Amino acid sequence: MTETSKPSSDSNSSGPGGAGNELPKQYKPADHEERIRARWDAAKAFHADPQRVLRGEAKPYCIVIPPPNVTDRLHLGHALNNTLQDVLARSHRMMGFETLWMAGTDHAGIATQAVVERRLKKEEGITRQQLGREKFVEKVQAFKDEYERIITDQLKLMGCSCDWDRQRFTMDDVCARAVREAFFRLFKDGLIYRGKRLVNWDPVLQTAVSDDECYDEEIDSSFYYLRYPLVHASRGTGLAAGEDPQPVAWNELARRGYPGAEQHPGEEQAWVTVATTRPETYLGDTAVAINPKDPRANSLRGLFVELPLVGRIIPVIEDDYVVLPAAMQADPEAAKSDPKAVFATGFLKVTPAHDPNDYEIGLRHKAAIEACGNPVMINMLAPDGSVSDKHGWTDVGDAHLFVGLPREKARKKVLEEFKVRTVDNSTVSLLAETKPYRHSVKHSDRSKAIIEPYLSDQWYVKVTDDRLAPAANRALVSDQRKSEQQSGKAAVGDGQLRFYPARYAKTYEQWHDGIRDWCISRQLWWGHRVPVWSFGFSQELLNNTPESHRAKCTTLFSQLSKVLHLTEDLHLQFLSDGLSASICAKTPRAERALAAVNALYSNEREELGDSFADILTTDVDWKTVAEFAYFIDDHLSQDTDVLDTWFSSALWPISTMGWPNPQLAGKGFEGLLQAFNPTATLCTAREIITLWVSRMVMFERYLMPVKWETEKTKPDALASLAENGQGRGPLPFKNVFIHAVIQDGEGRKMSKSLGNGLDPLDIISSHGSDAMRFTLCQMTTQTQDVRMPMVKDPTTGRNTSPKFDLGRNFSNKLWNAARFTMSMLSAAPSSPGHLDTSTPRHLSLIDRWMLSRLATANKEVNDSITNFEYSNYAQVMYDLLWRDFCDWYLEAIKPTIASDKSQQAVLRTTLDCILRLLHPIMPYVTEAIYEQIRLLQGAAIDGIKLGASRKGDLLCTAGWPDVQSSLRDEKSEAAFERARSLITAIREIRSQHAVQPKRRITVHAPAGLLDAQASALVQTLAGVEAISSDAPPAGAVGMAFESSQLHLGNLKDAAAAGDTGAERERLQKVISDNEKSIATLEGRLNNPGYALKAPPAMVKQTQDQLAKAKADKDAANAALAAL
RNA sequence: GGGCGGGUAGCUCAGUUGGCUAGAGCAUUCGCUUUACAUGCGAGAGGUCCAGGGUUCGAGUCCCUGCCUGCCCA
């Protein structure tokens, strides 16, 4: 503990000539990481050069980072995700691939907007509306800059070898161009459309949100039972103005055969009771539904109800979606377990604009509903969730007293009114009953508000089109297309997309099978604005028949785009209402052209002055432009919505490389797509399969040229291969690796609110970056969750985990192994040369063994990287370094290393290989050691190729080791194993006899039991003075080795000898252990089927084991007798 | 409701087409300042592989049923 850590400059200056032993005893990450990072930066070690690929000098390897959200700093899950990517990037870079790891961040529309809105409220007490769109977006931009910097710094501290010069952001100019292009192409091909649908509406943020942005939470609520009076109405025309509907009395219902009607006063108004948890939505009811199997259905056919206060007449319809009350079901007892049946009355209020199921029912009964003169959908809420008559209904009636109330207050008010009012001509209250009910309700992730199903205009991508989702499924490699295989059809696939682990291909495939059109609009301010301008048709146009007004509009539009020289950049689409159309503008210039149209709409050209001189140039026939403007009913209005974040994320693998136009993107983009697309591997978490992987595959296959993969090397390939993929284009990546989700020690998700999260920077400061990375790799098996027990450090107050001790200890072990190696080799400077390994005589047993282990490990590491088996990779390196190299090799060579030149070469080379093999997982400590060891001269070893560093003498660009399989040496491994098992056996006896560790004992064994080299190992590693064939002295302890009887002498001083109790006990345990083995093995051999059916080698092995167990037992018995 | 995982030592997890008497790290017990490392070294103890059935000479591993548990989708 007295050792002080040396500043980096000191260890840096320590040269080759014997200064290595000045390294501190403990590896202190903080002393090295910053300096190492600076060296990588200075050498531009991670900057990829696409030209090397295009010139054929190197094969490409590329990963695009799943861009972290700028919403928050990175957590441990990001650390895992990025470590795994870095391992791939670094290993492939060393293997000689021109490696590009594309970095960047995601604007994360709603998440970021919500965070900034909260901040604004807290710090300045204002809303975004008060600030205004432009100012607010500036605020978000500033926030993004802040977090982008934090995130980038975090990644750098983790050691990520991204190409930082190419870092992108999903909303920067380069990415924005890609978004525009993609939107335009899809729009033009009819795959983007506008539709009125029910969406998840967040009334606080006032935007549509996706299911992914919602969570379910149980709340205490109630079922309310509302009475609706039954009436007659003239079907088909509705009621004439002023005409009162005719009430239906109970006695009439009784005549119609309504069960139980006779129990009510015959002259009084009859009613039905609906059950609801959201009584305020009754304002939007357009029907009451009953199950056709309900015994009451017959007698109600053709009747209507009148909505209380509103006075709207709506039909009673029959739909088998309606749940029968428990008592009416075939098995009433069983139905009691279904809360819906328990609470049901059999009558369902149908509110198509405010409930997804009602929406479907409304569509099924469109005709019956419209026959009453009502639209199917009646929206009774404003976007802020208050009751409003401005968004879809006019028949407010007495319900005006609810208008303007927020939904919670409206609910209360509705209940109050229903309670005090009675059904007309009756004594019963409109509110029949209230029952407490606990149920799960959808909430918005971002605002925590209860989600309102809401009818609104949204933009959709028609992903159900064969060129999108089905094309994404066809991209799977055939052996991962389960559904095709199960249906017996030959797998029809054209792709090379492969998931690791394979089971996730199923998730991917099933998602596409059940996919619905993708709602891409969000009512937010932070994001890519929908590049569409809409207008209504003027009366002039509408005076024509529908067919000809469209034709006229088309003609005007095509003239317009021609005179503006924008035929390729503007596209017109009619909207389904038949009264309006939209124009998509591809470029900023096209956008300005539309602004010019707007200006002309209200001005003469002369009045515009020079403001549109760039658009309305002298060769533009402005009269054509003006004519178009004239046919617009109102000016062109730009859509205020922005696009779903995933729309831009989906383009990430190509937008970051300059698609659609690398020339416009800038100088650094030249050749990027050609060199690196398709990329190699996407590394991400499960939930991203549906959110992102799917969309990237769909978009890239749609947008990139069909012949890209075969013809991309042609000059200007993007422009010349004009044909869009249309579902047959290349993939964004070949492999998708799905890694685990990190949970806390109790299996819960890590989250801020639970306070169980781990900040990677806290781990780096307590354990070092390498320790974190090693531990994370070591945990990465094929499982889907990993647990990370978390503890709060009492001194720093920071969360950490004892799991990372593993990595820290391992770093330290490597450091000390290197320290020892340096001291050995510095003391005996060597000269370069060659070491022939082709014949054993040049190398001792332990050296041949070490090289053999190294060769095996090299292969296993290579295989592990290929198969994304990170845990295996880490484990192989752990065993190689700790068990093989430190525990056995370094200990074994201590007596000989100073004088054995060959051994020095093996030592130096082995450490060098270990550093290289370990570098992708632990880049800092390996680089720090490599600074020293590369300065040591040493003979090269035949059969081991260690390529030189390409940049700045850095390990990170040095060659990946190629330890050839010719160095694998089974004979040496077997000889070593024999020595090792004897050493272990001797150590065990020493320990049981409490022999002092330093005491040198003697072994008495038959002559020739071991050769000289093996004997030397035993002497060094088991504390043995000598192995002799002399008769053992009195008091020597017997032991069995193979089939020989051995004795250990000089275990204790004569005075201490004599106690045979411990020895007796030991021998008895040996005997009983062996007896157990003998029983097991004999049982197996006595099984008649075994010898018959098991492979002969297996039988032989069992026989050998049995023989050994018997010999060991006999030896122990003999020793026991000798006591 | 549909799909996918997990259940192996006190804890966290390996265990590749079925085949050494089921392994590692942490924790634990004993011994050790042995000269690279006490963030270390040597030795040990610790398991009805969730339960039941089946296939097999042989099952932690394959099949079926059930129980517990987690995640995704609707």
Side-chain angles (χ1 to χ4, degrees), chain A residues 1 20-21 23-28 211-212 356 482 501 503-504 506-507 509-511 513-516 686-687 689-690 740-741 743 745 747-749 767-768 771 775 778-779 781-789 801-824 863 867 869 871-872 874-875 878-879 882-883 886-887 890-891 894 983-984 986-999 1021-1023 1069 1073-1074 1076-1081 1083-1095 1097-1099 1101-1102 1104-1105 1109:
Chain A
M1 296 305 272
N21 53 4
L23 295 170
K25 267 173 94 167
Q26 286 190 339
Y27 174 63
K28 297 255 172 56
D211 285 338
D212 318 311
K482 288 262 168 42
R503 64 176 181 272
Y504 292 115
K506 208 169 173 180
T507 309
E509 207 179 6
Q510 287 175 348
W511 158 258
D513 289 341
I515 203 167
R516 289 180 298 178
R686 298 195 279 296
E687 73 267 21
I689 297 171
T690 53
V741 169
Q743 305 170 332
R748 300 172 304 183
K749 267 191 178 168
H767 289 75
T775 302
Q778 188 270 149
M779 293 171 74
T781 59
Q782 307 275 299
T783 185
Q784 59 180 19
D785 305 304
V786 291
R787 290 189 179 192
M788 176 71 73
S801 172
K803 278 250 175 188
F804 294 107
D805 292 353
L806 173 72
R808 184 198 52 189
N809 296 352
F810 189 59
S811 308
N812 192 56
K813 191 71 178 175
L814 175 62
W815 181 253
N816 276 292
R819 214 158 63 93
F820 177 71
T821 302
M822 296 296 295
S823 68
M824 289 299 146
D863 291 349
N867 297 314
E869 291 169 347
S871 179
N872 204 46
Q875 197 58 48
Y878 186 95
D879 289 341
W882 204 309
R883 299 290 160 237
C886 292
D887 287 355
L890 292 186
E891 293 302 327
K894 278 178 179 174
I983 291 162
T984 306
I986 295 171
R987 283 174 174 177
E988 187 182 337
I989 293 173
R990 289 182 63 124
S991 179
Q992 277 158 348
H993 287 262
V995 177
Q996 287 298 307
K998 277 184 190 163
R999 192 179 183 94
L1021 296 168
K1069 183 167 185 314
D1073 284 352
N1074 277 298
K1076 267 187 231 162
S1077 296
I1078 290 164
T1080 308
L1081 296 166
R1084 189 178 303 166
L1085 287 166
N1086 290 339
N1087 183 331
Y1090 185 66
L1092 225 61
K1093 297 191 181 176
M1098 191 70 58
V1099 179
Q1101 184 181 288
T1102 310
D1104 290 349
Q1105 283 167 358

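Each chain gets a letter, A, B and so on, in the order the sequences are listed, and its residues count up from 1. What you see is a predicted model; the values in this text were computed from it and never measured.
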Go through the structure and list residues passing side-chain contact (heavy atoms from CB on, under 4.5 Å) with A:T690, not counting sequence neighbours.
-> A:W511
List for me each residue that meets side-chain contact (heavy atoms from CB on, under 4.5 Å) alongside A:P997, sequence neighbours excluded, and say none if there are none.
->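 Listed in chain order: nothing, the list is empty.
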Could you work out the separation of [N] and [M] based on their [atom1] atoms and round it to a whole Å?
| N | M | atom1 | value |
| --- | --- | --- | --- |
| B:U28 | B:C71 | C1' | 34 Å |
| B:G25 | B:A45 | P | 15 Å |
| B:A9 | B:G60 | P | 15 Å |
| B:G7 | B:C32 | C1' | 40 Å |
| B:A36 | B:A27 | C1' | 27 Å |
| B:G47 | B:C73 | C1' | 38 Å |
| B:A59 | B:G19 | C1' | 10 Å |
| B:G6 | B:C63 | P | 12 Å |

In the structure shown, which nucleotide is the Watson-Crick or G-U wobble counterpart of [N], with both distances under 3.5 Å?
| N | result |
| --- | --- |
| B:G25 | B:C11 |
| B:C41 | B:G31 |
| B:G1 | B:C73 |
| B:G52 | B:C64 |

Please list, pair by pair, any protein nitrogen or oxygen found under 3.5 Å from a nitrogen or oxygen in nucleotides 1-9 of chain B.
residue: B:G3; atom: O3'; partner: A:K506; partner atom: NZ; Å: 3.4
residue: B:G3; atom: O2'; partner: A:Q510; partner atom: OE1; Å: 3.4
residue: B:C4; atom: OP1; partner: A:K506; partner atom: NZ; Å: 2.4

More 5' along RNA chain B: A:Q1101 or A:G514, using each one's nearest nucleotide?
->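 In this pair, the answer is A:Q1101.
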On RNA chain B, check which nucleotide each of A:T1080 and A:Q778 is closest to and give me the residue with the more 5' one.
->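 Closest to the 5' end, via its nearest nucleotide, is A:Q778.
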Is [X] touching bases, backbone alone, or none of the nucleic acid, heavy atoms closer than 4.0 Å?
| X | result |
| --- | --- |
| A:P1088 | nothing |
| A:N1087 | sugar-phosphate |
| A:R1084 | sugar-phosphate |

Quiz item: A:S1077 side-chain donor-acceptor pair to B:U21 base, under 3.5 Å =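 Result: at least one qualifying N/O pair found.
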Rounded to whole Å, how long is the line connecting atom [atom1] of [X] with atom [atom2] of [N]?
| X | N | atom1 | atom2 | value |
| --- | --- | --- | --- | --- |
| A:I986 | B:A43 | CD1 | P | 12 Å |
| A:L814 | B:G40 | CG | P | 14 Å |
| A:R686 | B:G70 | CZ | P | 14 Å |
| A:L1092 | B:U56 | CG | P | 15 Å |
| A:D1073 | B:G44 | CG | C1' | 12 Å |
| A:Y27 | B:G40 | OH | P | 16 Å |
| A:I989 | B:A43 | CD1 | C1' | 12 Å |

With sequence neighbours left out, what residues match [X] under salt bridge (charged side-chain N to carboxylate O under 4.0 Å, His left out)?
| X | value |
| --- | --- |
| A:R990 | none |
| A:D887 | A:R883 |
| A:R987 | none |
| A:K1069 | A:D1073 |

Over-ring placement of A:K813 relative to A:Y27, 6.0 Å and 45° cut-offs =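 No, a cation-pi geometry is absent between A:K813 and A:Y27.
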Do the side-chain N and O atoms of A:N1087 and A:R1084 include a donor-acceptor pair separated by under 3.5 angstrom?
-> no
What one-letter contact string describes nucleotides 23-38 of chain B from 5' to 3', where B marks a base within less than 4.0 Å of any protein heavy atom, S marks contact via sugar-phosphate atoms alone, and - marks no contact?
-> -SS--------B-BBS
Side-chain donor/acceptor of A:N816 to backbone N/O of A:K25, under 3.5 Å | yes
Set of residues satisfying ring pair (Phe, Tyr, Trp, His ring centres under 6.0 Å) with respect to A:Y878, sequence neighbours excluded =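 A:Y878 satisfies ring pair (Phe, Tyr, Trp, His ring centres under 6.0 Å) with A:F810, A:W882 once adjacent residues are dropped.
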side-chain contact (heavy atoms from CB on, under 4.5 Å) test vs A:L806 passes for just one of A:H767, A:M779, A:Q778, namely A:Q778
Using only side-chain N and O atoms of A:R987, determine if any of them is under 4.0 Å from OP1 or OP2 of B:G44.
-> no
